[in-house]
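A short write-up of the structure that comes next.
Small disclaimer: the values here were computed from a predicted structure and weren't measured. A, B, ... follow the sequence lines: proteins, then strands. Residue 1 opens every chain.
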2 protein chains.
Amino acid sequence: MSVTLKRIAKECGYSVTTVSRALAGYDDVNETTRQRILEVAHNLGYQPNLVARQLQGQRTFTIGIITPPQIHHHEDDFFSLLIKGVNYAAAQYHYDLLISSRFPGTEEMDTYRRIVGGNRVDGMIVARTYQDDPRITYLQSIEHPFVVAGRSAPDLPSDFPYIDADSRVGVQMLVRHFIHYGHRHIGLILPPESVAFTAYRHAGYRYAFQDAGLTYHPEYVATGDLGEAGGYEAACTLLDRTPELTAIVACNDLMAFGAMAAVHARGRRIGEDVAVGGFDDIPAAQHAMPPLTTVRQPIYEIGERLTEMLVRIIADEPPAETQILIEPALIVRASSGQPRPQ
Amino acid sequence: MSVTLKRIAKECGYSVTTVSRALAGYDDVNETTRQRILEVAHNLGYQPNLVARQLQGQRTFTIGIITPPQIHHHEDDFFSLLIKGVNYAAAQYHYDLLISSRFPGTEEMDTYRRIVGGNRVDGMIVARTYQDDPRITYLQSIEHPFVVAGRSAPDLPSDFPYIDADSRVGVQMLVRHFIHYGHRHIGLILPPESVAFTAYRHAGYRYAFQDAGLTYHPEYVATGDLGEAGGYEAACTLLDRTPELTAIVACNDLMAFGAMAAVHARGRRIGEDVAVGGFDDIPAAQHAMPPLTTVRQPIYEIGERLTEMLVRIIADEPPAETQILIEPALIVRASSGQPRPQ
DNA sequence: GACACTATCCGAAACGTTTTGGATCGCCCA
DNA sequence: TGGGCGATCCAAAACGTTTCGGATAGTGTC
């Protein structure tokens with residue numbers, strides 16, 4: 001069907017070897033022959049079969065990333081942003097991107113094994129780490145190049161290349177901001193324990209209280225999955241259990257949106273009655289009603305830099321720094337309300 | 001390095017053929033031998049080399065999509081949504097997704113040729129059609145499976161599988177809605193002519209005027225690229241040239257955001273002084289301030305359905321309908337303001 | 001006239017699969 | 001006892017490239 005080297009070779013009377021070398025620009029082929037071969041190749045519309053090339057060269061120039069499936073529209077702009085960043089950088093390095101979506105769990109691990117073990121990619125980008133992440137264990141065990149968006153939980157070693165925002169500092173800044181605004185009863189919505197960054201964000205919350213000389217109330221803390229619905233439920237729990245809360249910190253923007261909805265549903269005004277803060281600064285945060293105070297983590301840039309790091313690791317020229325902690329930024333918006341009198 | 005059939009064969013004393021057939025479940029291998037082979041394969045952690053399989057089978061079980069690079073965060077949720085839908089459906093059919101990002105133009109065409117001609121994918125999804133789209137011409141000329149999100153401009157044949165929203169009807173609904181609300185001076189921000197859907201949306205605008213017995217003013221129409229900045233500039237042009245405008249229809253949500261900013265920058269209130277409408281209903285539209293009236297196009301679902309269509313075309317079992325026009329829905333939000341007195 | 005050297009070309013192997021078309025052996029039946 | 005048949009196995013080719021290690025012929029040198 002499609003045009004191969006063999007076809008070109010037949011067409012112009014040279015061997016496959018010579019055609020291959022002519023096209024590759026080796027200097028052991030006569031200049032006039034090369035011209036002839038180039039001409040025939042062009043006329044026939046030759047495109048090298050990349051799969052064959054991959055097999056022979058044991059290189060794919062492709063990087064892989066597996067995301068959770070996103071059924072609803074607004075779910076998880078985190079991955080969208082990350083992918084945009086990765087995609088952009090990958091193109092610059094002449095890499096393609098192979099994406100597959102699976103729910104975390106065995107199915108996801110099978111996909112890792114299939115794609116990585118099946119030699120479909122030169123490297124992997126792992127996002128949103130779990131505690132004791134089996135994907136990382138696997139990639140380390142077979143010594144396959146990979147980089148991680150995020151790192152291990154605080155008590156485990158992060159002995160792999162990663163870029164992560166300093167979650168602890170981020171949440172700490174946010175809580176301190178609320179304390180500054182005069183809040184004393186501040187709720188926290190954490191992700192499940194299994195998510196690696198949970199402990200960092202929890203610590204940031206506790207540190208801020210400690211710094212301010214306030215006592216930590218465990219009943220001010222609830223857990224939600226990372227979606228909007230989870231945030232809604234967790235906020236409901238908090239608001240009903242401890243009505244004295246005047247602020248809620250959610251561990252990502254999506255859950256913060258849910259929390260805002262919960263506050264709203266109870267007839268209380270966001271910002272004025274109950275301040276709400278999030279984490280990530282996804283695009284929707286800025287457009288939310290009211291705009292959401294949050295901790296900005298440069299997801300797009302993290303995607304870009306991770307890709308660069310991965311490409312260099314693949315080329316066996318790892319950059320000097322392969323474990324990068326990014327200082328997040330506090331973005332104050334209307335969901336903070338005004339500083340409270342007294 | 002990695003485990004191959006040859007390695008397993010050596011390990012358990014059978015030929016590569018037998019190992020291959022044992023693993024593939026053919027019944028011409030003895031049950032006890034199969035068990036033995038399965039065991040060895042499992043112990044060695046065998047994963048079939050997918051690249052080799054692709055080369056031999058001339059099938060990749062991968063579909064490709066090329067998007068424009070998205071440098072800024074909020075730019076173009078259209079492609080994000082489409083990809084989410086495609087990704088989700090692809091996983092269901094056990095296909096992977098190969099993504100590359102290029103700016104439209106020769107570089108994009110080269111990438112098409114490289115990926116499609118290079119046999120990296122079984123099928124392609126083409127998004128956001130141009131007038132007389134060279135990508136489509138190319139794919140048709142080599143008879144490679146593909147489906148399109150969008151169709152040709154009205155005066156050209158759309159002789160390929162596609163799913164598209166009925167843009168004309170969508171804009172018509174939106175403009176009629178504004179007319180209903182009492183607006184008589186309604187601006188329109190169109191994309192460049194080269195975008196295939198421009199003519200449809202323009203027609204919708206004209207039809208709505210005609211239906212209402214109003215005259216069409218060419219000076220109420222401006223052009224912007226499809227981004228927020230383009231919408232801002234076009235809206236500025238319109239507002240300054242024809243200050244009598246009380247409503248602006250932008251041909252996508254991003255440009256509508258830009259238009260809102262322009263209205264705001266002139267000290268006029270969105271909705272109350274100047275109503276604004278968009279097209280697409282990307283997630284941000286709902287969270288905008290004020291929330292944006294728009295024409296909803298189910299992008300995620302289009303991605304899903306396109307993927308299903310493509311998979312069936314690849315399998316040579318094309319569905320009955322391969323040219324689908326979707327009726328969009330008018331979503332009225334606060335950017336419409338209130339019906340005007342008189 | 002033999003040797004070395006260069007320029008140009010090519011055969012064969014390899015990458016890891018799957019598939020085609022047998023080969024071998026034991027058994028049954030006429 | 002030989003022919004046929006089923007069960008089990010395998011060698012070789014093929015997918016399209018790249019690369020290794022020559023082969024060949026022409027040219028120049030001593």
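At the heavy-atom level, B/D28 lies under 4.0 Å from base atoms of the strands shown. Here B/T4 lies in heavy-atom contact (under 4.0 Å) with sugar-phosphate atoms only. Counting non-hydrogen atoms under 4.0 angstrom, A/V51 reaches nothing in the nucleic acid.
Distance B/L55 CG to C/dG16 P: 12 Å, rounded to the nearest Å. Taking atom OH on A/Y14 and atom C1' on D/dT17, their separation rounds to 21 Å, with Å as the unit. Atoms CD (B/Q56) and P (D/dT17) sit 16 Å apart, rounded to a whole Å. When the P atom of D/dC9 is taken as reference, atom CZ of B/R34 falls 10 Å away, rounded to whole Å. Residue B/K6 contributes atom NZ, which lies 15 Å from atom P of C/dT18 at whole-angstrom precision. B/N49 places its CG atom 13 Å from the C1' atom of C/dA14, with the value rounded to the nearest Å. The interatomic distance linking B/L5 (CG) with D/dC15 (P) rounds to 19 Å, in whole Å. Rounded to an integer number of Å, the gap from A/I37 CD1 to C/dC9 P is 8 Å.
One finds a side-chain N or O of B/S20 lying less than 4.0 angstrom from the OP1 or OP2 phosphate oxygen of C/dT18. Between B/N30 and D/dT8 there is a side-chain N or O to OP1 or OP2 distance below 4.0 Å. When the side-chain nitrogen and oxygen atoms of A/T17 are compared with OP1 and OP2 of C/dG11, none of them lie within a distance under 4.0 Å. Listed pair A/T33 / C/dT8 fails the phosphate criterion, with no side-chain N or O lying under 4.0 Å from OP1 or OP2. For the OP1/OP2 pair of D/dA7 and a distance below 4.0 Å, the side-chain nitrogens and oxygens of B/Y26 include no atom meeting the criterion. Here A/R53 reaches the OP1 or OP2 of D/dT18: one of its side-chain N or O atoms lies under 4.0 Å away.
Take the nearest nucleotide of DNA chain D for B/V29 and for B/Q58: the residue whose nucleotide is more 5' is B/V29. Closest-nucleotide positions on DNA chain D for B/A52 and B/S15 were compared, and the one nearer the 5' end corresponds to B/S15.
Remark: the B/E31 side chain and the B/Q35 side chain contain an N/O donor-acceptor pair separated by less than 3.5 Å.
Annotation: A/D28, atom CG; neighbour count of heavy atoms from other residues, nucleotides and ligands within 6.0 Å is above 12.
Both tests pass for B/R135 against the ring of B/Y130: distance under 6.0 Å to the centre and angle within 45° of the axis. Judged by the 6.0 Å distance and 45° axis criteria, A/R128 is not positioned over the aromatic ring of A/F79.
Using a cutoff of 4.0 Å between basic side-chain nitrogens and carboxylate oxygens, A/D96 and B/R120 are scored as salt-bridged.
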